[in-house]
Structure formats: structure tokens, C-alpha cells
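Quick note: numbers below take in every heavy atom, side chains included, and nothing from hydrogens, waters or symmetry partners.
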Amino acid sequence: MKSISEHTLQKQIVQLFRMHGFQVFVLDAMTGVGYFSARDPRRFAFIADLKTRGYTKGQPDLCVVRNRVTFIELKRGRGGRASSEQKDMWQWLVDHGHNAFIIKSVEEAATIAANQAN
């Protein structure tokens with residue numbers, strides 16, 4: 001079974017939540033880094049600018065809202081692992097009473113959407 005990219009997974013999950021009546025806010029500011037090569041000095045300027053505007057390493061990819069607010073970190077199915085910063089952020093969110101999930105599939109997102117819609 002071929003694993004899809006995290007980018008493709010995110011598109012599918014955003015569409016799924018919106019079809020279920022959720023508002024979806026994309027928090028993944030680092031996506032823009034992909035537009036710069038590893039050696040492009042604008043890449044580092046972009047990251048520095050994000051940090052000055054409040055980007056926190058480990059912040060979730062999505063915030064979905066319907067009856068309550070839920071934060072979602074996406075990982076591709078095969079080989080996708082949460083960083084220590086992402087795990088720490090997830091734990092902080094949960095410890096402070098928020099709904100937070102690290103998910104690897106559209107099926108996991110569908111389960112969350114069904115549970116959060118009630």
C-alpha cells in the first residue's frame with residue numbers, strides 16, 4: 001500500500017471536515033518553507049519572520065471548530081512521526097483541557113469528525 005504525502009493527506013482531511021460542517025483553520029505556517037531551496041537565504045529569513053510573528057515550533061497543523069475546538073497534527077501514514085516539540089505541544093494542549101489529536105489517515109479524521117459533530 002502506497003503512502004500519500006502529508007500535503008495530500010491535509011487536503012483530503014480539510015475537505016472532509018468542511019463537508020461535515022466544520023470551520024477549518026490551517027496553522028501550518030511552515031508549509032511556505034517548501035517554496036525555498038535549502039540553500040536559499042530567503043528560507044532562513046522566512047523562518048525568522050514567522051518566529052517574530054508568533055510561530056511556535058511544534059504547533060498543530062489544523063484547528064477545526066464546530067461544537068468545540070480541536071487541534072490536529074497530521075503525519076503521513078508510513079514513517080510519519082511526531083517530533084518531540086509536536087508531542088510536547090500535544091501534551092500541553094491535552095493537559096489544558098483541549099481536544100488534540102495526532103492522526104495519520106483520513107479514516108482517523110472521519111472518526112474525529114463524527115465524534116465532534118455530536
Intermediate values then yes/no, side chain to side chain contact (heavy atoms under 4.5 Å, CB included), V14 and L62: CA-CA 8 Å; V14 167; L62 302 173; 3.9 Å; yes
Looking at CG of N115 and OG1 of T70, how far apart are the two atoms once the value is rounded to the nearest 0.5 Å? 10.0 Å
Is V26 linked to I103 within one hydrophobic cluster, defined over Ile, Leu, Val, Met, Phe, Trp and Tyr using a side-chain heavy-atom separation of less than 4.5 Å? yes
Please find the pair of heavy atoms, one from L93 and one from P60, that lie closest to each other, and give the distance. CD1-CG, 3.8 Å
When rounded to the nearest 0.5 angstrom, what distance separates NZ in K104 from CG in L9? 11.0 Å
Do F101 and N99 come close enough that some side-chain heavy atom pair is under 4.5 Å? yes
Hey, are the side chains of V64 and I112 touching, using non-hydrogen atoms and a 4.5 Å cut-off? no
Note: D61 and E6 closest approach over all heavy atoms is OD2-OE2, 3.6 Å
Are F46 and V33 packed together at the side-chain level, in the sense that at least one heavy-atom pair is separated by less than 4.5 angstrom? yes
Taking all heavy atoms of G21 and all of R66, pick out the closest pair and write down the distance. O-CD, 3.8 Å
Do you see a donor-acceptor pair shorter than 3.5 Å between the side chains of R68 and Q116? yes
Shortest non-hydrogen contact from A100 toward W90: O-NE1, 2.9 Å
Using side chain to side chain contact (heavy atoms under 4.5 Å, CB included), reason through T56 and M89 one step at a time and then give a plain yes or no. CA-CA 9 Å; T56 302; M89 179 64 74; 3.8 Å; yes
Is it true that Q86 and K57 share a donor-acceptor pair across their side chains at a distance under 3.5 Å? no
Tell me whether V69 is reachable from F17 by hopping between hydrophobic residues (I, L, V, M, F, W, Y) whose side-chain heavy atoms are closer than 4.5 Å. no
Parallel, tilted or perpendicular, as decided by the 30° and 60° cut-offs, for the rings of F71 and H98: perpendicular
Pairwise distance CD(Q15) to CZ(R18) - rounded to 0.5 angstrom: 9.5 Å
K87 bridged to E85 by N-O distance under 4.0 Å: no
Closest approach of I13 and S105, non-hydrogen atoms and distance? CD1-O, 3.9 Å
All heavy atoms of C63 vs all of L27, minimum pair found to be CB-CD1, 3.9 Å
Audit row: K75, I102, side chain to side chain contact (heavy atoms under 4.5 Å, CB included) steps and yes/no: CA-CA 7 Å; K75 292 291 151 199; I102 298 173; 4.1 Å; yes
Can you tell me how far the CD1 atom of I47 sits from the CZ atom of F36, to the nearest 0.5 Å? 9.5 Å
A quick test of your reading: do over 12 heavy atoms of other residues, nucleotides or ligands sit less than 6.0 Å from CD of Q23? no
Please lay out, stage by stage, how L74 and I72 fare under the test side chain to side chain contact (heavy atoms under 4.5 Å, CB included). CA-CA 6 Å; L74 302 172; I72 297 176; 3.6 Å; yes
